[in-house]
Amino acid sequence: MASSSFQPIQGMSDLTTPEIYLWQMVESRSRDVFQRYGFSEIRTPIMEHTKVFVRSLGETTDVVSKEMYSLEDRGGRHLSLRPEGTAGVIRHVGGQGQEAAELRLYYMGPMFRAERPQAGRKRQFHQVGVESLGAPNPASDAECIALQHHLFNEWGLKNFSIRLNTRGLPEDRQAVADGLRAWLRPRLPELCEDCRRRFDLNVLRVLDCKQEACQVIVDQAPPVTEFMSEPARVYLDEVTRLLGKLSIAVTRDPKLVRGLDYYAHTVWEITHPALGAQDAMAGGGRYRVTLGNRVIEGVGFAAGLERVMTALEGEGITAQSLAPGPNVWLVSMGDRAFEENLELLQMLRRHGIACGMDMNGRSMKAQMRVAGKSGAPRVIIRGESELENGTFQLKDMQEGTQEDVTMPELMARLTPLRVQ
RNA sequence: GUGGGUGUAGCUCAGUUGGUUAGAGCGCCUGGUUGUGGCCCAGGAGGUCGGGGAUUCAAGUUCCCUCACUCACCCCA
């Protein structure tokens with residue numbers, strides 16, 4: 001096995017062939033979809049002042065309190081690797097110093113969280129996400145969910161489900177916590193140890209406890225919306241209604257909890273059955289962040305690409321099936337033919353044909369073996385007699401047939417194979 | 001941070017109660033006579049058994065430490 005000096009950092013990995021084809025497919029189709037919805041790309045730095053994350057995500061959230069990669073630079077500045085994408089975008093928008101009118105941005109790239117790795121959880125992971133700023137109304141939330149639904153379909157996913165809930169307005173938060181505590185207090189002895197701890201620290205978390213015993217109790221609890229103000233309930237109903245109009249199937253789930261402090265109103269999560277314990281493939285919600293005397297409002301989502309890849313494979317979409325191969329393979333007999341083929345190789349490539357040939361001076365038999373493995377549908381064979389006649393043997397690897405062609409004929413047969 | 005599982009060839013794994021030069025399948029390379037792949041046949045390369053220490057005449061096999069991978073918890077995408 002490789003010694004540790006050849007391994008990347010724990011929880012971080014090299015992404016290469018063949019999986020990379022799945023990543024490239026997801027990335028390029030994402031750009032297509034985002035363009036159709038009028039979103040443009042933003043690439044924020046991977047590192048920010050630590051306070052950028054603290055002020056957006058909340059000081060007490062686990063993500064900032066114990067999962068950030070933080071360091072102090074030589075100037076004594078406190079910096080952190082970004083654990084998610086929204087905070088950087090909010091920083092960017094806040095810096096504009098003006099009301100951001102209908103700003104629609106998307107991003108994709110690596111995020112970092114110092115957690116223990118497990119299925120669907122890496123320390124360097126990747127997200128693609130969007131932020132729709134400055135349109136604080138239910139239609140905007142519904143559009144965002146519709147975009148995400150469209151995006152997933154475009155990637156090839158079918159079996160995902162969308163769970164929808166509301167976090168309520170920031171001013172509802174205390175009422176929700178109080179209401180839930182009041183209901184749970186008499187049942188406290190029946191809850192698991194973790195939940196008794198959560199009861200004080202973060203009651204909402206009791207709702208999504210994985211212990212069966214806790215679930216039985218929590219299932220009887222009143223929905224969180226019951227503790228919220230009228231506007232919060234109306235907002236959620238309106239989002240739900242609009243999604244119905246757009247034929248996007250969602251499940252209202254009053255037990256859905258999302259952990260970051262910036263959420264206000266709508267929150268949702270998308271799960272996929274192929275995922276295992278960490279079955280959330282993507283999450284999103286409406287948020288409200290106060291920066292000085294400005295309030296930045298937006299709605300957005302992020303999808304975890306490592307989890308998306310697992311889901312795609314679960315639905316039979318494999319990296320192997322997306323791997324591009326050469327259109328043509330060149331086989332040479334003898335040094336002269338080799339050099340002629342080297343020239344032909346370049347010429348064909350300039351014409352947009354993906355082609356390759358053996359560079360190791362191997363026997364013809366070996367070259368044919370490599371040609372077969374390359375998956376190229378056509379092979380060009382040249383030896384002394386072809387050089388003599390100025391022709392090419394063009395072989396169809398599928399059929400096993402072969403014909404002797406001239407240069408113009410060769411080009412006419414190969415042009416349809418061009419990539420792009 | 002806590003707990004379980006696993007580390008033997010490029011990959012997937014066998015390796016009996018510790019005992020001679022560590023195996024298989026797949027992959028890779030070379031051949032099976034003149035210039036033709038896939039199938040078949042033959043041969044070959046490739047491993048300090050994750051690393052370190054201990055016990056023993058003898059350790060892939062036992063014990064301790066360490067590193068990594070993996071799954072789960074906390075929490076999140």
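Here is how names work: the chains are called A, B, and so on, in the same order as the sequence lines, proteins then strands, and each is numbered from 1.
You'll find that the side chain of A:A366 is closest to B:rU30, out of B:rU30, B:rA77, B:rU36. Of the listed nucleotides (B:rG31, B:rC29, B:rC73), B:rC29 has the atom at the smallest distance from the side chain of A:K373. The side chain of A:D194 approaches B:rC74 more closely than any other nucleotide in the set B:rA72, B:rA77, B:rC74. Closest contact between the side chain of A:K66 and the listed nucleotides B:rC74, B:rA72, B:rC29 involves B:rC74. Each of B:rA72, B:rC75, B:rA77 was ranked by its minimum atom distance to the side chain of A:D62; first place goes to B:rC75. Comparing atom distances between the A:M368 side chain and each of B:rC29, B:rC73, B:rG37 picks out B:rG37 as nearest. Closest to the side chain of A:R307, from the set B:rA77, B:rU36, B:rC73, is B:rA77. Of all nucleotides listed (B:rC29, B:rC74, B:rA77), B:rC74 comes nearest to the side chain of A:K210.
Each of A:M12 and A:G304 has a nearest nucleotide on RNA chain B; the 5'-most of these lies closest to A:M12. Each of A:G11 and A:G276 was assigned the nucleotide of RNA chain B with the nearest heavy atom; the assignment lying further toward the 5' end belongs to A:G11.
To the nearest whole angstrom, the two C1' atoms, one in B:rA45 and one in B:rC40, are 22 Å apart. Comparing the P positions of B:rA9 and B:rG15 gives an interatomic distance of 15 Å, to the nearest angstrom. Rounded to a whole angstrom, the distance from the C1' atom of B:rU62 to that of B:rG44 is 37 Å. Taking atom P in both B:rU2 and B:rU16, the straight-line distance is 33 Å, to the nearest Å. Comparing the same atom, C1', in B:rA24 and in B:rC67 gives a spacing of 29 Å after rounding to whole Å. Comparing the C1' positions of B:rU56 and B:rU61 gives a spacing of 13 Å, expressed to the nearest Å. Annotation: B:rA42 and B:rU33 have their C1' atoms spaced 16 Å apart (nearest Å). Comparing B:rG25 with B:rU17, their C1' atoms sit 28 Å apart, to the nearest whole Å.
Contact annotation for A:A119: backbone-only contact, meaning every heavy-atom pair under 4.0 Å involves sugar-phosphate atoms and none involves a base.
Between the side chains of A:E409 and A:T406, at least one donor-acceptor pair of N or O atoms lies under 3.5 Å. No side-chain donor-acceptor contact under 3.5 Å links A:K210 and A:Q215.
A:W183 carries A:R187 over the face of its six-membered ring, with the cationic atom under 6.0 Å from the centre and within 45° of the normal.
Looking at A:R116, its side chain has no donor and acceptor atom pair within 3.5 Å of the base of B:rC74. One can find a donor-acceptor pair under 3.5 Å joining the base of B:rA77 and the side-chain atoms of A:E115. With hydrogens and angles left out, the side chain of A:Q118 and the base of B:rC69 share no donor-acceptor pair within 3.5 Å. The base of B:rU36 is paired with the side chain of A:Q402 by a donor and an acceptor separated by under 3.5 Å. Evaluation of atom-type donor-acceptor distances gives a pair under 3.5 Å for the side chain of A:K395 against the base of B:rU36.
A:R43 has a carboxylate O that lies under 4.0 Å from a charged side-chain N of A:E41, or vice versa, which qualifies the two as a salt bridge. A salt bridge between A:E72 and A:R77 is absent, with no side-chain N of the basic residue lying under 4.0 Å from a carboxylate O of the acidic one. For A:E143 and A:R104, the salt-bridge test passes: some basic side-chain N is under 4.0 Å from an acidic carboxylate O. Classification of A:R288 and A:E297 as a salt-bridged pair holds, one side-chain N sitting under 4.0 Å from a carboxylate O.
Between A:K365 and the phosphate of B:rG37, there is a side-chain N or O to OP1/OP2 separation shorter than 4.0 Å. Under 4.0 angstrom from either OP1 or OP2 of B:rC71 there lies no side-chain N or O belonging to A:R121. For A:R369 and B:rC28, the shortest distance from a side-chain N or O to OP1 or OP2 is not below 4.0 Å.
Across the strands present, B:rC74 finds no partner; the criterion is a Watson-Crick or G-U wobble pair with both atom distances under 3.5 angstrom. The partner of B:rC13, taking Watson-Crick or G-U wobble pairs whose two distances both stay under 3.5 Å, is B:rG23. Nucleotide B:rU6 has B:rA68 as its partner under the Watson-Crick or G-U criteria, with both atom distances under 3.5 Å.
Look at CD on A:Q367: it is 14 Å from P on B:rG38, rounded to the nearest Å. As a whole-Å value, the separation of A:Y262 OH from B:rA77 C1' is 11 Å.
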